[in-house]
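To start, the structure itself, in structure tokens.
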Amino acid sequence: MSSFIKGDAEYYKKLWHSASHVLADAVKELFPEAKLGIGPAAKIGFYYDFDVKRPFTEDDLRKIEVKMKEIISRNLKFEKEEVKKSEAKRLFKDEPYKLELIEEIEGQLTIYKHGKFVDLCKGPHIESTSEIKAFKLLRVAGAYWRGSEKNQMLQRIYGIAFPSIDELNAYLKHVEEVGERNHITIGKELEIFSQHEEAPGFPFFLPKGTIIWDEIISFWKDLHRKENYNFVMTPIILSKSLWVMSGHWDHYRKNMYFTEIDDRSFAVKPMNCPGHILIYKEKRRSYKELPIKFAELGIVHRHERSGVLHGLFRVRKFTQDDAHIFCTEEQLKEEIKKIILLTKKIYSAFGFSDYEIELSTRPENSMGSEEQWAQATNSLKDALRDLGLSYKIREGEGAFYGPKIDFHIKDSLEREWQCATIQVDFSMPEKFGLFYIGADDKKHRPVMIHRAILGSIERFMGVLIEHYAGALPTWLSPVQVRVIPISDKNNNYAKKIVDLLKGQGIRANADYGKETLSKKILSAQLEKIPYMLILGDLEEKNSTVTLRSRSGAIKKNLLFDDFTNSLKNEIRERCPDLSIK
RNA sequence: GCCUCGGUAGCAUAGCGGCAAUGCAGCUGACUUGUAAUCAGCAGAUCGUGGGUUCGAAUCCCACCCGAGGCUCCA
């Protein structure tokens, strides 16, 4: 997103914040009864919240835009003024939301004026409304007052503004491109996954999607085997008593599904940790065994509220590439570092080199002692520091059992997706009475690390689809080669080539249809197939193939073995970029 | 869960009180093709579900289901 800011980021913030004041001014002129909420600059663009009797329509937005243009053309100066609390209360006597804010603000209150419009505001702002050369109101959405669902819901108008028309157009083009890359649309077109009314939040994976899924997983397993993870499989339904003991009943019940079997209460697992803990407890563990790493592609179910469901990004059933590492406190930092390095390795194979790291600390509703939390948080910080990685801190955003590091992948459109999570946990081992026998022949408490790298395979696939706009790297493509005979005279040769490719483990098929060559190329192109082999009389006579890649590059009269050798190499090396030019 | 918008053939859309339409995909036939759409024909829809208003409902009203974009929450 930052690529839309040319030069001084602070200037854009000022511009957007000022545009939000102009928006509020226009709304007050057109809808005098509207009450003002707040209207800051967003990450990109701006918004303003209003309490109105009737929600804004598309039509209203267009009218507001016209009014905004008029206000901008008045070339009004933004003027700052310091006011006393009593004066502020008088100025905003008809604005209940502003009054609420005024009551709470300590110290100097400031207001900003342009023309007749006055807003409670710290600023800063641009000099004059005329600096807003290009803007657009994008959409209207509900938003809770002060972000709490206990409060009144206000109508939020989102907009964008730039110092030039060209920048606005570039941004709008970007928004359009993001829309075209939407994984739900692409997933349907390319027959990767589907959604059904009968299963809200439970996506179906179609044959092509399942191929991608299997490729991701087999790659993931290979790397984990090398890192000494032990794969396990634990049940999806486990006794409720287990979840009471783990603390999930107290802290996570509202997200869980429950069921009865033979008059006994069971829960559908929302996480895999208790299952792995049961395996750990199956026998006495020695310090010599540690660290013990149990990995599972764990299928979890979480009752997410209906309004949050979204394609593959937010679902009610998903597969975590989960693992739990039981280790000593001394091993903790090194184990965290190993996980971070593994994460980087896996991400780079998928073409992600850019990510943000966040460290989340103790939340309100949590278990464990202050000391344990401090120790766990420090081990995460130390590991990040040792690897020279910078991170942001999110206060109070940790899991209920421990602090965590999250990786947010940046995709090719510079949007961020939370995928990997590494969580340190001292409390679960205590709750379950886990121990190992140390060199001193005494019982010691192990530390537990919960970690997932892709996060949810479902979400990760969604991210991949959008990152590549459906044109996945060859190793992940459901169909790697489409063989196209030019006329049906060449069908036999095509079949022979397909069989040879399949024999070498390459996913290939042929288009024996009666359509023209152009038409067949178009349909392979729309299916985002990396390579096409065009076979006509010429190729058949010379026993060669003509290659067309989805980038449009053409190589004529290629020896079949030369093609397969380079293709197999591309697949084996998991080259992420060769075919997406 | 809350707010806004939407749901019409496999897909993408039009129609918004009076015979359900167009493109792509599908099927059939002709064409036998040299690098992003050959031509012609055919078939395909109880217009998300249920109820109501009306002589008449895809269209208006109510309820529910599902989806999209947000808020809150989150892998």
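Naming convention: chains lettered A, B, ... in sequence-line order (proteins, then strands); numbering from 1 in each chain.
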* Under a 3.5 Å cut-off for both distances, is B:C27 Watson-Crick or wobble paired, and to whom? -> B:G41
* **Pair A:R62 + A:E58: basic N to acidic O under 4.0 Å** => yes
* Asked: Should the pair A:E33-A:K53 be classified as a salt bridge under the 4.0 Å nitrogen-to-oxygen rule?
  -> no
* Structure fact -> Ranking B:C2, B:C66, B:U32 by distance to the side chain of A:E197, first place goes to B:C66
* Does B:G69 have OP1 or OP2 sitting under 4.0 Å from an N or O in the side chain of A:H310? -> yes
* To do: Using a heavy-atom cut-off of under 4.0 Å over every strand shown, decide if A:Q525 touches base, sugar-phosphate, or nothing.
  => base
* To do: Can you figure out which of B:A36, B:G1, B:G34 approaches the side chain of A:I521 most closely?
  => B:A36
* Which nucleotide, B:C2, B:G69, B:A12, lies nearest any side-chain atom of A:N182? -> B:G69
* Can you tell me if the side-chain N/O atoms of A:K519 get under 4.0 Å from OP1 or OP2 in B:A25? -> yes
* What integer distance in Å separates A:Y144:OH from B:C3:P? -> 8 Å
* To do: State plainly whether the residues A:K98 and A:E95 are in salt-bridge range, i.e. N to O under 4.0 Å.
  => no
* Asked: Looking across every strand, which nucleic acid part, if any, lies under 4.0 Å from A:N255 by heavy atom: base, sugar-phosphate, or nothing?
  -> nothing
* To do: Mind checking A:Q155 for me? I need base, sugar-phosphate or nothing, with any heavy atom below 4.0 Å counting as a touch.
  => sugar-phosphate
* If the P atom of B:C16 is compared with that of B:C66, how far apart are they to the nearest Å? -> 30 Å
* **Pairwise 5' ranking along RNA chain B for A:V315 and A:Q195, keeping only the more 5' one** => A:Q195
* Structure fact -> Separation of B:A75 atom C1' from A:I409 atom CD1, nearest Å, is 12 Å
* Asked: At under 4.0 Å between heavy atoms, what does A:T57 touch on the DNA or RNA strands: base, sugar-phosphate, or nothing?
  -> nothing
* Is A:Y158 stacked on the base of B:G70, meaning ring centres closer than 5.5 Å and planes within 30 degrees of each other? -> no
* To do: Measure from the side chain of A:E397, starting at C-beta and using heavy atoms only, and say which of B:U72, B:C74, B:U38 lies closest.
  => B:C74
* To do: Give none if B:U13 has no partner; otherwise give the nucleotide forming a Watson-Crick or G-U wobble pair with it, both distances under 3.5 Å.
  => B:A21
* Short side-chain N/O contact to B:G34 OP1/OP2 from A:R548, under 4.0 Å -> no
* Which nucleotide in the list B:A75, B:G34, B:A36 gets nearest to the side chain of A:S456? -> B:A75
* For B:C11 versus B:C64, give the span between their C1' atoms, rounded off to a whole number of Å. => 27 Å
* hbond_proxy A:R314 side chain to B:C73 base (donor-acceptor, 3.5 Å cutoff) -> yes
* Report which part of the nucleic acid A:G307 touches: base, sugar-phosphate, or nothing (heavy-atom distance under 4.0 Å, all strands). => base
* So what's B:U4 paired with, Watson-Crick or G-U wobble, going by both distances under 3.5 Å? -> B:A68
* Asked: A:E539 near the nucleic acid: base, sugar-phosphate alone, or nothing, with a heavy-atom cut-off under 4.0 Å?
  -> base
* Asked: Taking for each residue the nucleotide of RNA chain B bearing the nearest heavy atom, is the 5' side occupied by A:G201 or by A:K489?
  -> A:K489
* **Pairwise C1' distance for B:C3 and B:A45, with rounding to whole Å** => 33 Å
* To do: Choose from B:G70, B:G1, B:A12 the nucleotide whose nearest atom is closest to any side-chain atom of A:V308.
  => B:G1
* Structure fact -> Out of B:A75, B:U32, B:A36, minimum distance to the side chain of A:Q320 belongs to B:A75
* Asked: Expressed as a whole number of Å, how far does the C1' atom of B:A12 sit from that of B:C47?
  -> 16 Å
* Scan A:R550, A:E570, A:Q480 and name whichever one has a side-chain hydrogen bond (donor to acceptor under 3.5 Å, both in side chains) with A:Y531. => A:E570
* Atom-to-atom span, CD of A:E149 to P of B:G1 - whole angstrom -> 11 Å
* Take A:F50 and A:F31 through the test ring pair (Phe, Tyr, Trp, His ring centres under 6.0 Å) and record every step on the way to the result. => CA-CA 10 Å; A:F50 305 94; A:F31 306 88; 8.7 Å; no
* Of all the choices, B:G1, B:U33, B:G67, which nucleotide is nearest to the side chain of A:L517 once you look at every atom? -> B:U33
* Asked: Near A:E176 CD, under 6.0 Å, is it more than 12 heavy atoms from other residues, nucleotides or ligands?
  -> no
* **Salt-bridge criterion met for A:R482 and A:E527 (N-O under 4.0 Å)** => yes
* To do: May I ask you to say what A:R156 touches in the nucleic acid, namely base, sugar-phosphate or nothing, with a heavy-atom cut-off under 4.0 Å?
  => sugar-phosphate
* Asked: With a 4.0 Å cut-off on heavy atoms, is A:R139 in touch with a base, just the backbone sugar-phosphate, or nothing at all?
  -> sugar-phosphate
* Expressed as a whole number of Å, how far does the P atom of B:U28 sit from that of B:U13? -> 29 Å
* Asked: Would you find a donor on one side and an acceptor on the other, under 3.5 Å apart, between the side chain of A:W213 and the backbone of A:E458?
  -> no
* Identify whether any heavy atom of A:K520 sits under 4.0 Å from a base atom; if not, whether one sits that close to sugar-phosphate; answer base, sugar-phosphate or nothing. => nothing
* Asked: B:A20 and B:C27: how far apart are their C1' atoms, nearest whole angstrom?
  -> 22 Å
* How far does the P atom of B:U46 sit from the matching atom of B:U72, given to the nearest Å? -> 41 Å
* In the structure shown, which nucleotide is the Watson-Crick or G-U wobble counterpart of B:G50, with both distances under 3.5 Å? -> B:C62
* Ion pair present between A:R394 and A:D406, side-chain N to carboxylate O less than 4.0 angstrom? -> no
* To do: Using whole Å, report how far OH of A:Y493 lies from P of B:U32.
  => 24 Å
* Taking only N and O in the side chain of A:S518, is any of them less than 4.0 Å away from OP1 or OP2 of B:U35? -> no
* To do: Round to the nearest Å and state the distance from A:Q152 atom CD to B:C71 atom P.
  => 18 Å
* Atom-pair distance (CD1 on A:I184; P on B:G69), nearest Å -> 5 Å
* Kindly say if A:K556 contacts the phosphate of B:U35, meaning a side-chain N or O under 4.0 Å from OP1 or OP2. => no
* Asked: With rounding to whole Å, what would you report as the distance between B:G17 and B:A57 at their C1' atoms?
  -> 7 Å
* Asked: Does A:I554 reach the side chain of A:L547, with side-chain heavy atoms less than 4.5 Å apart?
  -> no
* Would you indicate, yes or no, if B:A75 has its OP1 or OP2 atom less than 4.0 angstrom from a side-chain nitrogen or oxygen of A:K404? => yes
* Just call it for A:L154: base, sugar-phosphate, or nothing, with non-hydrogen atoms closer than 4.0 Å on any strand. => nothing
* To do: Output yes when at least one side-chain N/O atom of A:S306 is less than 4.0 Å from OP1 or OP2 of B:G1, else no.
  => yes
